[in-house]
Amino acid sequence: MRIAIALCLSILVGYSASIAANSTASAATLVRFGVNVSLTDRLGMIRSEWLGLGATYLPIYFILMTCLLSLFRRLSRGQSWSPLITHCVYSAVSGLGLVVFILMFERVMGVEGALLASTRQLSGLVVQFGCAALTGLCFSALL
């Protein structure tokens with residue numbers, strides 16, 4: 001039960017960070033076009049995206065992170081790594097897993113940014129790597 005709770009909490013943290021980063025990128029695009037985006041507007045965008053992508057991106061994110069982190073947890077049993085190495089490896093596994101999934105998804109769909117608009121640029125992909133890495137770090141820390 002403890003593992004399931006750690007997994008759910010870490011996925012919600014990573015998903016929320018991912019959505020906040022995606023909304024921030026959208027707001028930055030609006031600002032570049034000369035639209036004034038207040039803090040209230042930005043928070044509203046985050047809330048709307050969090051709920052709106054909850055039907056599509058959240059289940060994908062949940063399944064992907066559950067598979068990656070559970071599989072890696074099984075494979076790493078019996079390893080005598082320091083806590084720092086463990087945290088780093090869990091972060092890398094989840095971050096790389098999401099980036100590979102996004103790139104494969106875009107290749108199959110034939111459209112860049114099909115899953116998240118912010119991943120159309122390399123900087124957005126790097127930020128999404130960091131958000132997924134945060135998921136792995138939270139999971140590792142909660143274990």
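Annotation: side chain of Phe139 is in contact with side chain of Ile3 (closest heavy-atom distance under 4.5 Å). A heavy-atom distance below 4.5 Å is not found between the side chains of Arg120 and Leu125. Annotation: side chain of Leu53 is not in contact with side chain of Leu58 (no heavy-atom distance under 4.5 Å). Between Tyr15 and Met65 there is no side-chain heavy-atom pair separated by less than 4.5 Å. In this structure the side chain of Ser118 never reaches within 4.5 angstrom of the side chain of Val127, judged on heavy atoms. Here the side chains of Glu106 and Ile102 are in contact, with some heavy-atom distance below 4.5 Å. Looking at Gln79 and Val89, their side chains never come closer than 4.5 Å, going by heavy atoms from C-beta outward. Counting heavy atoms from C-beta on, the side chains of Leu137 and Tyr90 never come closer than 4.5 Å.
A distance of 11.5 Å separates CD1 in Ile19 from CE in Met45, rounded to the nearest 0.5 Å. The line from NE2 of His87 to OG of Ser82 is 8.5 Å long, rounded to the nearest 0.5 Å. Taking CG from Leu142 and CZ from Arg2, the interatomic distance works out to 9.5 Å, rounded to the nearest 0.5 Å. The structure places OG1 of Thr56 at 14.0 Å from OH of Tyr61, a figure rounded to the nearest 0.5 Å. Here the CG atom belonging to Leu30 is positioned 9.0 Å from the CZ atom belonging to Arg42, to the nearest 0.5 angstrom. To the nearest 0.5 Å, the span separating OG on Ser18 from CZ on Phe129 amounts to 13.5 Å.
Judged purely by distance below 3.5 Å, without hydrogens or angles, the side chains of Arg32 and Thr29 pair a donor atom with an acceptor atom. With hydrogens and angles left out, the side-chain atoms of Gln128 and Thr119 include no donor and acceptor closer than 3.5 Å.
With Ser10 contributing its side chain and Cys138 its backbone, the two residues share no donor-acceptor pair below 3.5 Å. The main-chain N or O of Leu116 is never found under 3.5 Å from a side-chain atom of Asn22 such that the two would form a donor-acceptor pair.
Linking Ile, Leu, Val, Met, Phe, Trp and Tyr residues whenever their side-chain heavy atoms come within less than 4.5 Å places Leu96 and Leu103 in a single cluster.
Annotation: Arg77, atom CZ; neighbour count of heavy atoms from other residues, nucleotides and ligands within 6.0 Å is above 12.
A side-chain contact (heavy atoms from CB on, under 4.5 Å) with Thr135 is found for one member of Leu69, Val13, Leu98 and no other, namely Leu69. For the side-chain contact (heavy atoms from CB on, under 4.5 Å) criterion with Thr86, the lone passing option out of Ser76, Ser140, Ser91 is Ser140.
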